[in-house]
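Notes to accompany the following structure.
Numbers for residues simply follow the sequence, beginning at 1. Computed from a predicted structure; not experimentally measured. Numbering of ligands and ligand atoms starts at 1, following listing order.
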Amino acid sequence: MIELKNIDVEFGQGSQRFQAVKNADLTIQKGEIFGIVGPSGAGKSTLVRVINMLQQPTRGQVLIDGQDITKLNRKELRKVRLNMGMIFQHFNLISGSTIAENVAFSLYANKYPKDKIPERVKELLDLVHLPEKADAYPANLSGGQKQRVAIARALANHPEILLCDEATSALDVENTEEIVELLKEINQKTKITIVFITHEMEVAKKLFDRIAFMEQGEIKEVSDIYTAFTEPREPIAKSLVERVLNVSVPEALKVGNDEELLRLSYTGDDSYDPVISMASKNYDITMDIISGKVDYIHDKPFGVLIVMLRGEESERKKALVYIEKNVYKMEKLGGK
Ligand code: ADP
């Protein structure tokens, strides 16, 4: 388990002082895929680097399985770090070495028994589905394949934690998908804890079990991924989620006197279809669908629909009560 307690990170001094992380509290459970999202400069990278003490916090505690690693000497810290692999946006492979040598490098560096190295390298390349590339050089690999080698290298010494800093940000959609699937598979197979930071909400949606939203150095919201997408609370969470769901209201749309613009969301447990037809049948109103989208978060459907409700006020009111009761969430976007 990873626990960050009241973490502050300050850079610079005096009037130049800048607080990159402010009073961050976070608990990440063993075996989960935990993600941190937020705009560039939010402090995500700094916070993740605190987990393996690449960045010393100005204040606060970092507990790994209950042990405060901010108090350790270099030797002790080295041992703790062996338990954490890390991958980055850029793959940092050694261009003059083969793929097998790149992976073996971190085994040599950490005094892995020499005679067991070839076997471990093979195991790792199998794990990332690249056995046939053992003798190839990095230049001959796609971005996704390079990142897979970086993953193999990061996992060489059987760490229990994998830290990923924008690990898909340099990749195209296809390669991103490939890395997301691979990380999920490795997480399930090995129960490794994954901490993943990204500004890409599509990746968050597909990969994370839980998510933290960060902005201006602060953790604003933490929730499971489905709740984050269906019920974002803080403005930063709302705006990032909204961008993925991409259900917009046409700018030219005007809401008249006898109209109301609604945003309805529904989950796998209900469906908007009967709600709309029943509302139109039971009350003297009409409902037009302006836009809508169904999305899947970990195979569970979630839909958003923008509708225009028309009718006299008294009928509209009754219809609204009915609709609100029968959808997951109803929000008024415009009208009286
Ligand atoms: P993110 O990962 O969310 O993009 P970072 O953690 O990289 O954000 O950076 C947060 C803020 O801290 C940024 O304003 C950045 O310029 C600043 N920062 C990061 N590292 C340093 C450093 N070593 N010295 C001074 N400022 C830094």
Side-chain angles (χ1 to χ4, degrees), residues 2-28 32-62 64 69-70 74 77 81 84-92 143 147 150-151 154 161-171 176 179-180 183 193-223 225 228-229 232-244:
I2 305 167
E3 292 165 277
L4 302 178
K5 296 196 166 171
N6 310 108
I7 298 290
D8 283 345
V9 179
E10 288 169 9
F11 293 116
Q13 292 194 330
S15 62
Q16 298 294 309
R17 222 179 62 165
F18 174 76
Q19 201 168 348
V21 176
K22 299 171 193 164
N23 201 21
D25 267 313
L26 208 55
T27 301
I28 300 172
E32 74 174 332
I33 305 184
F34 189 93
I36 305 172
V37 298
S40 175
K44 307 182 293 295
S45 216
T46 306
L47 189 65
V48 161
R49 289 158 57 85
V50 166
I51 296 176
N52 61 1
M53 292 284 290
L54 281 179
Q55 175 63 53
Q56 172 91 37
T58 313
R59 265 176 294 281
Q61 292 180 305
V62 182
I64 306 293
I69 65 167
T70 61
R74 282 178 78 171
L77 191 56
R81 280 200 186 127
M84 302 186 204
M86 191 160 187
I87 57 171
F88 304 87
Q89 178 169 1
H90 302 292
F91 325 112
N92 307 322
Q147 193 59 295
I151 292 171
I161 298 170
L162 178 64
L163 305 176
C164 312
D165 187 347
E166 298 281 359
T168 53
S169 303
L171 304 176
T176 294
I179 296 300
V180 165
L183 289 175
T193 307
I194 297 181
V195 184
F196 195 107
I197 65 178
T198 183
H199 64 276
E200 299 173 305
M201 289 303 287
E202 275 297 333
V203 171
K205 196 178 77 185
K206 290 191 184 125
L207 180 63
F208 301 171
D209 296 321
R210 285 199 305 141
I211 186 168
F213 292 89
M214 224 179 149
E215 190 182 32
Q216 292 180 346
E218 290 178 46
I219 296 172
K220 299 283 191 182
E221 179 170 334
V222 179
S223 63
I225 195 71
F229 275 85
R233 299 184 303 272
E234 297 294 321
I236 179 70
K238 281 187 175 163
S239 83
L240 289 174
V241 163
E242 208 57 37
R243 227 177 286 168
V244 176

Enumerate donor-acceptor pairs with a distance under 3.5 Å from any side-chain N or O in residues 47-58 to protein atoms, sequence neighbours excluded.
residue: Asn52; atom: OD1; partner: Leu54; partner atom: N; Å: 3.3
residue: Thr58; atom: OG1; partner: Glu10; partner atom: N; Å: 2.8

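- Rounding to the nearest 0.5 Å gives a distance of 12.5 Å between CD1 of Ile219 and NZ of Lys22.
- Residues meeting the side chain to side chain contact (heavy atoms under 4.5 Å, CB included) test with Phe88, sequence neighbours left out: Met86, Asn92, Asp165.
- For the pair Asp25 and Lys5, the minimum side-chain heavy-atom distance is below 4.5 Å.
- For the atom pair CZ (Phe34) and CD1 (Ile161), the distance works out to 13.0 Å, reported to the nearest 0.5 Å.
- Residues of the protein with a heavy atom under 4.0 Å from ligand 1 are Phe11, Phe18, Ala20, Pro39, Ser40, Gly41, Ala42, Gly43, Lys44, Ser45, Thr46, listed by chain and number.
- Sorted by first then second residue, the side chain to side chain donor-acceptor pair (under 3.5 Å) pairs that include residues 211-223, not counting sequence neighbours, number zero.
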